[in-house]
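The figures that follow rest on heavy atoms only: side chains count, while hydrogens, waters and symmetry mates do not.
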Amino acid sequence: MLRSPGGLSVRLDVRAAAVVVVLLLAALAASVLLIGTGDFPISAGDVLRALAGNGSASQEFIVDELRLPRVLVGLLVGASLGLGGALFQAVTRNPLGSPDVLGLGQGATAGALVVIVLFSGSAAQVTVGALAGGLATGLAIYLLAWKRGVHGSRLVLVGIGVSAIVTAVNGYLLTVSDIVDAARAVVWMTGSLSGRDWDQVRPLLALCAVLVPPVLAGARGLRLMEMGDDVSNALGVRVERVRALLMVAAVLLTATATAAAGPVSFVALTAPQLARRLTRSPGPNLLSSLCMGAALLVTADWASQRVFGADQLPVGVVTGVLGGVYLLWLLVAERRAGRI
């Protein structure tokens, strides 16, 4: 417990703080390695010198204009998905209550497909369509799950149903599109950081700057809500208001991340669970989930380039494979514990 001269006190979980620091260092280290990876390899030392403005002209151009935006998008998308997943899992009190399961990624995909298939829209218009699709899906799930409040299990079940419907719509849109638009849509649906530039960095950075501080500040109310609605109301937490605001924040984070990089699978599901296991701390673990998501995504992107070489895979394929294995393990663990 830390106390200030004014009498304010803050409870500090030393293990959780150490995990956050380690995850931040891991994310930064992976980012430096990722910036140095490519057709023109750059050593870690040269990357750091280029970032500080002391590299050669060619190195600074490659680092600042070609590779740094991609890495920043990866960090921001991973952080947004990790934090959004932690919020959904805390609100639903269910380890499967992530945007992947609830259908928000599929909703954003539907919005992007409508723009690509029906209007042959530009990249900027596809981004707007994906954001609109994710927000509309989140609103639909919330309204359909509402019955004198939103119960966690009902939210998950409604989300699974909406996800199935939207997935069918996406399949239909692909079947009626021409071959060029279908190929473009499939590339977007894979989830990739390739070709990302400063136009994707700025809106992500602005959104995170606006949403992350108040969300982290609301962690105490979210922790109390995990004890149940009745207990939370008795302790002065306005449950439905807090739940609605946090869900809006989670939907915005998830939809914007999907709009920037496509539907990158399973980061929102795995990051909060891995963070909780590392911190061994009760509660939503919002900050550690945010850092875990950023570290996971940039590490997966680095692995996709280093392991597969010239045939590098989109990062969404790598996270999908790893996340699918983790999901199977999680389901087995939940079954053995008697929770499903």
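Considering every non-hydrogen atom in both Gly133 and Thr137, the closest pair reads O-OG1, 2.8 Å. For Pro99 against Ala268, the heavy-atom pair with the smallest separation is CD-CB, 3.6 Å. Nearest heavy-atom pair, Val298 versus Gly74, reported as atom, atom and distance to 0.1 Å: CG1-C, 4.0 Å. Considering every non-hydrogen atom in both Ser177 and Ala182, the closest pair reads OG-CB, 3.4 Å. Taking each heavy atom of Gly82 and Pro272 in turn, the nearest pair found is O-CG, 3.7 Å. Leu211 approaches Ala249 most closely through the heavy-atom pair CD1-O, 4.0 Å.
The 12-atom threshold is not exceeded at CH2 of Trp302, counting heavy atoms of other residues, nucleotides or ligands nearer than 6.0 Å. More than 12 heavy atoms of other residues, nucleotides or ligands shown are found within 6.0 angstrom of CZ on Arg15. A 6.0 Å sphere centred on CG of Leu143 holds more than 12 heavy atoms belonging to other residues, nucleotides or ligands.
The main-chain N or O of Val186 is found under 3.5 Å from a side-chain atom of Thr190 such that the two form a donor-acceptor pair. Panel note: side chain Arg67, backbone Leu34; no donor-acceptor pair is recorded below 3.5 Å. In this structure, Thr299 contributes its side chain and Leu296 its backbone to no donor-acceptor pair below 3.5 Å.
Looking at Phe266 and Leu269, their side chains come closer than 4.5 Å, going by heavy atoms from C-beta outward. Put simply, the side chain of Gln200 does not reach to within 4.5 Å of the side chain of Pro69, judged on heavy atoms. Inter-residue side-chain proximity for Met247 and Tyr142 is flagged as met; some heavy-atom pair is nearer than 4.5 Å. By the 4.5 Å heavy-atom criterion applied to side chains, Leu104 and Thr258 are not counted as neighbours. Leu207 has its side chain within reach of Leu253: a pair of non-hydrogen atoms, C-beta onward, lies under 4.5 Å apart. For the pair Pro314/Ser194, no side-chain contact is recorded, criterion being any heavy-atom separation below 4.5 Å from C-beta on. Side-chain atoms of Val101 and Phe88, non-hydrogen and from C-beta on, never get closer than 4.5 Å to each other. Side-chain contact between Val264 and Val267 is present, with at least one heavy-atom pair separated by less than 4.5 Å.
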* Does the pair Gln273 and Gln89 meet the rule for a side-chain contact (heavy atoms from CB on, under 4.5 Å), with working shown? -> CA-CA 9 Å; Gln273 293 297 314; Gln89 291 179 18; 2.7 Å; yes
* Criterion side-chain contact (heavy atoms from CB on, under 4.5 Å) on Met189 and Leu174, from CA distance to verdict -> CA-CA 11 Å; Met189 290 170 62; Leu174 285 176; 4.0 Å; yes
* Stepwise side-chain contact (heavy atoms from CB on, under 4.5 Å) check, Thr256 with Leu76 -> CA-CA 10 Å; Thr256 306; Leu76 291 169; over 6 Å; no
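The closest side-chain donor-acceptor pair between Thr167 and Asn170, if any, does not fall under 3.5 angstrom. Side-chain polar atoms of Thr37 and Gln305 form no donor-acceptor pair below 3.5 angstrom.
Rounding to the nearest 0.5 angstrom, the gap separating the OG1 atom in Thr254 from the CG atom in Leu102 is 9.0 Å. Of the inter-residue distances, the one linking Leu290 atom CG with Leu216 atom CG reads 7.0 Å to the nearest 0.5 angstrom. Here CG of Leu297 is found 5.5 Å from CG of Leu193. Values are rounded to the nearest 0.5 Å. Thr270 OG1 to Leu322 CG: the interatomic distance, rounded to the nearest 0.5 Å, is 8.5 Å.
Looking at Leu75, Val201, Asp301, Ile35 one by one, the single match for side chain to side chain contact (heavy atoms under 4.5 Å, CB included) with Arg70 turns out to be Asp301. When each of Asp181, Leu113, Thr109 is checked for a side chain to side chain contact (heavy atoms under 4.5 Å, CB included) with Leu173, only Leu113 meets the rule.
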